[in-house]
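Please read the structure below before turning to the comments.
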Amino acid sequence: MLTVSRLTKRFGGFTALNEVSFEVKEGEILGLIGPNGSGKTTCFNCVSGVLAPTAGTIRFLGDDIAGLTPDRICHRGLTRTFQIPRPFRKLSIADNVAVAAHYGATERTSEAEARRRALQVLDLVGLPTDSAALPTQLGAGGLKKLELARALATGPKLLLADESLGGLDPGEMASAADMLRRVRGELGITIVWVEHIMATLMRVVDRVVVLDHGEKIAEGRPRDVAEDPRVIEAYLGEKIVLE
Amino acid sequence: MSATPGRIAFATVVAFLGIAPFLPMAGMKQYMLHVVIQIFIWTFIGQAWSLMGRFGLVSLGHGAFLGIGAYATTLLWNFYGLTPWIGSLVAVALAVVMAFLVAYPCSRFGIIGHYFALTTLAVGEVVRLLIIAERDWTGGSLGVTLKAAGDASFIALQYADKQVWYYVGLVLWLAGLWVWARLDRSMARAAMEAIGEDETAAASVGIRVTRFKLWLTVLSAALTALGGVAYAQYITYVNPETLSGIGVSLRIVFAVVLGGMYSLLGPTVGTALTIALSEWLRIVFGVKFIGMAETIYGLLLVIFIIFLPAGIYGSLADLVRRRRRPAAAPATA
């Protein structure tokens, strides 16, 4: 579905991503992990069009999308969430989602249809649907849900979820992980998930790609990757125990 | 039916419309009529500006579009005898091209916020300096007077009778309100708010940032040029200082900011107040204390902008809203 090959991004003399290649298969949840500064978010930014890659190709559903603007990539069915939620603060929660449903969908959506879809998505992620409230009234957990709802409202085929569990308490974390499973299960959306908290991620994902200093150091099933000595070293000796 | 600020504004407009057509017949003094016409035309221009301004596309160079509009029709009439009815189309087309030339690179290279404001500021000045430099056909800083039309006033769009201009102004003002309200109710408003807040996030959910900004700038410029045409035809004299450059550009911005750029009647209230204030100060001070009128005008603006950041009308509307709904219920989750 998504094939990233030899993706490179340089900022001046600093190489944030060096010839990273990986593939996302339809229907899977792929985990993208790595220590701070390993290039995960840069990788997301390149794939979603926020940054133009220095070199390499990004093929999505057969077309090269490297260097396209985020709105065009979104219309092709690839949407992302941001690590730090970026709600539109002047718009109501419902409008935040409706505007994404109206402008982000691959096919033209009427305003009425967009509003209907917004309510469905709000309901799915567990935000109040009757709400004219502003995002500023939401807590950290609510903002994360809104971020996800807005991305889902565009009707993506592939969702790039950037550290969607950061800043949540353990209960919220478990339900958010559950949420991503439901997104795949009920909506059939393929997911690439970037996450710091490895233990949670490892239980949910089908495969993992590990980045360190802008390079891919491991790829495979969570169990195997957790045993990989290079991964353990990258995470400063921290070994992930899977039950 | 509760009295929300929106409904009150709507009711006010309707009530005003009921008496508006008869106002000039009630023996209104020519001078009063002149002030009201100016308020109508400059409000229309302010409304055009606020279409961009309210979404964070702060232009400090709308004088460019105003000047292009006013000079295009005036020069076409004076040199080629082209009727302003067609001339205004040329004027709008030129303003649209100009808007595109400014907005496209700005949007493409991410020139937003203060940098956008500075860029437009320069554009307004460039147009003013061009008008002054090309004095052979623009009249330079002395300005140009429209050639009198004689009795062909319809073709020349020249009317000595202020009553005609009162109705023209009224129609323009209503058209401005209509465009504003139309945009306000559409999903495009939500998209523009989103772009104004966070372009990257807006683009990530599929909003075509460049296209929206271009479209809005072009619309705003076209309407501003039309306002310039109306002003030139009414005054029958154009001058680079009053129709382009920093001075007039800032005057448009001040009026709208003063009234409140986020509300339907904000530009109207702001323009009416600034024009009334400057007329009043002019009469009070006359030729005594040269500069005093401008000083007081400036000081009042500073005070209003500091203490009523949502504008006079906007702040009043907020107050009404707050009194009706003492405490907004906090959202769950």
Side-chain angles (χ1 to χ4, degrees), chain A residues 45 48-50 69-76 78-82 85-93 95-106 109-111 114-115 122 125-128 131-139 141-143 145-147 150-151 153-156 160, chain B residues 2 4-6 50 53-57 104 107-110 112 182-216 260-263 309-310 314 318 321-322 324-325 327-333:
Chain A
N45 283 339
S48 65
V50 172
T69 50
D71 47 321
R72 286 178 195 279
I73 292 175
C74 176
H75 293 144
R76 284 164 184 258
L78 195 165
T79 319
R80 56 102 43 102
T81 63
F82 289 93
R86 293 163 85 157
F88 306 127
R89 287 183 182 78
K90 287 184 200 148
L91 299 180
S92 72
I93 292 169
D95 277 355
N96 259 276
V97 184
V99 77
H102 184 55
Y103 291 104
T106 312
T109 321
S110 72
E111 290 191 14
R115 292 200 181 280
L122 282 172
V125 301
L127 283 173
S131 183
L134 295 171
T136 42
Q137 290 169 277
L138 292 173
L143 286 175
K145 287 178 181 173
L146 179 58
E147 186 76 18
R150 209 170 57 182
T154 65
L160 305 182
Chain B
S2 59
T4 62
S50 75
R54 64 180 295 208
F55 299 118
L57 284 170
Y104 185 75
S107 188
R108 198 76 187 76
F109 300 115
I112 57 175
R182 187 68 212 277
L183 182 72
D184 194 52
R185 279 156 178 257
S186 69
M187 193 71 101
R189 179 187 65 86
M192 283 308 307
E193 297 270 22
I195 292 170
E197 267 191 70
D198 188 336
E199 290 198 0
T200 306
S204 293
V205 295
I207 296 168
R208 296 190 165 161
V209 175
T210 302
R211 185 183 288 199
F212 262 106
K213 284 164 77 172
L214 277 181
W215 177 77
L216 203 63
M261 62 174 133
Y262 304 108
S263 33
D318 280 349
R321 213 172 284 141
R322 230 173 295 139
R324 297 204 58 84
R325 215 173 16 155
T332 48

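Fair warning: this is a prediction, and the values are worked out from it, not measured in the lab. Sequence lines set the chain letters: A, B, ... in the order given, protein chains first and strands last, and positions in each chain run from 1.
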Report summary line: Under 4.5 Å to a heavy atom of chain B? For A:Thr154 that would be side chain
Query raised in the report: What distance do A:Thr69 atom OG1 and B:Arg108 atom CZ have between them, rounded to the nearest 0.5 Å?
Result: 8.0 Å
**Report entry** A:Arg89 backbone acceptor or donor facing B:Glu197 side chain under 3.5 Å
**Finding:** yes
Query raised in the report: Roughly how far, to the nearest 0.5 Å, is the CG atom of A:Asp71 from the CD atom of B:Glu199?
Result: 11.0 Å
Requested in this report: Please list, chain by chain and in numerical order, all residues satisfying side chain to side chain contact (heavy atoms under 4.5 Å, CB included) with A:Arg76, sequence neighbours excluded.
Outcome: A:Phe60, A:Asp63, A:Ile65, A:Leu68
Query - Interchain contact, A:Pro87 with chain B, by part (heavy-atom threshold 4.5 Å) - result: backbone
Report summary line: In terms of heavy-atom pairs under 4.5 Å with chain B, the winner among A:Ala100, A:Ala151, A:Ala153 is A:Ala100
Query raised in the report: Under a 4.5 Å cut-off applied to non-hydrogen side-chain atoms, are A:Val99 and B:Ile207 in contact?
Result: yes
**Report entry** Minimum heavy-atom distance B:Ala191-A:Tyr103, with the two atoms named
**Finding:** CB-CE1, 3.6 Å
Report summary line: All heavy atoms of B:Ala201 vs all of A:Phe82, minimum pair found to be CA-CE1, 3.9 Å
Report summary line: Rounding to 0.5 Å, atoms CE (B:Met187) and CD (A:Glu111) come to a distance of 5.0 Å
Report task. Check whether any side-chain heavy atom of B:Val205 lies under 4.5 Å from a side-chain heavy atom of A:Arg86, and answer yes or no. Result -> no
Query raised in the report: Under a 4.5 Å cut-off applied to non-hydrogen side-chain atoms, are A:Val50 and B:Ser204 in contact?
Result: yes
Report summary line: One should read off an interatomic distance between A:His75 NE2 and B:Arg208 CZ, to the nearest 0.5 angstrom, of 5.0 Å
Query raised in the report: Checking A:Ala101 against chain B: side chain, backbone, both or neither under 4.5 Å from a heavy atom?
Result: neither
